[in-house]
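Labels below follow one simple rule: chain letters A, B, ... track the order of the sequence lines, proteins then strands, and each chain is numbered from 1. Treat the numbers as computed from the prediction; the structure is a model and nothing was measured.
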Amino acid sequence: MKANSFLSAMGSLFFYIDGDEVVIYSSITGDTHLVDLETAKVLKKLNLDSMKYSDFLVYLADQHACIIDSELESYSKVLIEELKSLDLIDIN
Amino acid sequence: MFDLTVEDYSLWGETGVVLQVGRYRIQVSTEIPSVSRHLSELYAKDCFDKVDGNIDFHVSLKASKGFRRWFRKQVVFTFDGYTPFLPLPFNQAPALFEWGLNWCIANHSHQYLVVHAAAIEKNGVTIIFPGTPGSGKSTLCASLVCSGWRLLSDEMALISVDTGMVHALARPISLKNESIHIIKHFFPENAMGEVVNDTAKGSVSHLRPPDESVINVLLPAKPTHVIFPKYMKGSETLLKKTRKGRALLKVAENCFNYNVLGDKGFELLSQTIDRCKCYEFNYEKLEEALIVMDGLD
């Protein structure tokens, strides 16, 4: 993943929050997914603002109150891959 | 049931009879006696007398043409001149009418979120039972309406996009295989149509809805409970709360037009789930199931 890769939510996303679980509806695919609250927060952020991968790492570090290191980078890549496979985010 | 003569049957074939089902008006043309009998026995007289307004669906059931008139006779369902299904064996004509009407309503009712579910109401408690085939929703629904609950619908819960209320259809309840015998055993006084064997769904019969449900068919109901029934041999009667997010996901999977409505459908479903109590319900013994449902508030 390049630092200047641009991440954005695919289309408009809609959320139903049930405690630590969130149902997400994608207007692009018409699919409904159940995700955990942390993942939903990421998607909500990307639904409002597109951001560079480097900024995304800063956002994740802030969310998890940690520094940007290789562990956070690995986690971010897994997360991005998973959301991309569900057609919930777009990478340019 | 009201009396029909042979002349009546042939008249239905020429001009069609108009049937009022909830907010829908259906013009049915048929010369097939089993369909006419099905309509006269399983639809209340009110459905024929209180017809008002434009026709929503023009449907016909006719015997297939060609050599199939003599060899393994078949029946063809048409909707506004269009044939959405392959012909079926002639003895399945009454069932084909009901399945065809399901198709008409499910595909032309986007003023509603159409959920594959039974829906019933009693004293302000309105239960939506989403269910996959074999879950026992129709058996449970039939038992409850034979025990004083109002039938809104056996097959499709129609949730208004404008108001969030469930609108009723009060059509005959489709029973399959073992559930036909169960309902006949527990409620022998309730009228049922003929049993049609060897359909794609096995043996099928229809239970006439209570007249009170038909009389009150235009009264919408506010959904209060979403319950996922599961008939299980040997199961204890168990009502267990389920998480709302998961309930939403399961109901979405059981909608006919969720994707057509798009984000409106999601928001309507979210609001419906939010205001309802959501449960999973395992049962085997109907008597116990009825007591549990009557105890809901």
Heavy-atom neighbours of B/Gln111 CD exceed 12 at 6.0 Å: yes
Can you list everything that forms a salt bridge (charged side-chain N to carboxylate O under 4.0 Å, His left out) with A/Asp31? Sequence neighbours excluded, please. none
Can you confirm whether A/Asp49 is buried at CG, in the sense that more than 12 heavy atoms of other residues, nucleotides or ligands lie under 6.0 Å from that atom? yes
Supply the atom-to-atom distance B/Asn259 CG to A/Tyr25 OH, rounded to the nearest 0.5 angstrom. 5.5 Å
Closest contact, heavy atoms only, B/Ala252 versus A/Thr32: CB-OG1, 4.4 Å
Is it the case that more than 12 heavy atoms not belonging to B/Lys285 sit under 6.0 Å from its NZ atom? no
With a sphere of 6.0 Å drawn around CG of B/Asp80, does it hold more than 12 non-hydrogen atoms of other residues, nucleotides or ligands? yes
Heavy-atom neighbours of A/Lys52 NZ exceed 12 at 6.0 Å: no
Does A/Leu48 CG have over 12 foreign heavy atoms under 6.0 Å away? yes
With a strict 4.5 Å heavy-atom criterion, list every residue of residues 219-244 of chain B that contacts chain A, or say none. B/Arg243, B/Lys244
Distance (rounded to the nearest 0.5 Å) between A/Asp18 CG and B/Leu248 CG: 9.0 Å
With a 4.5 angstrom heavy-atom cut-off, is it the side chain or the backbone of B/Glu267 that approaches chain A, or both, or neither? side chain
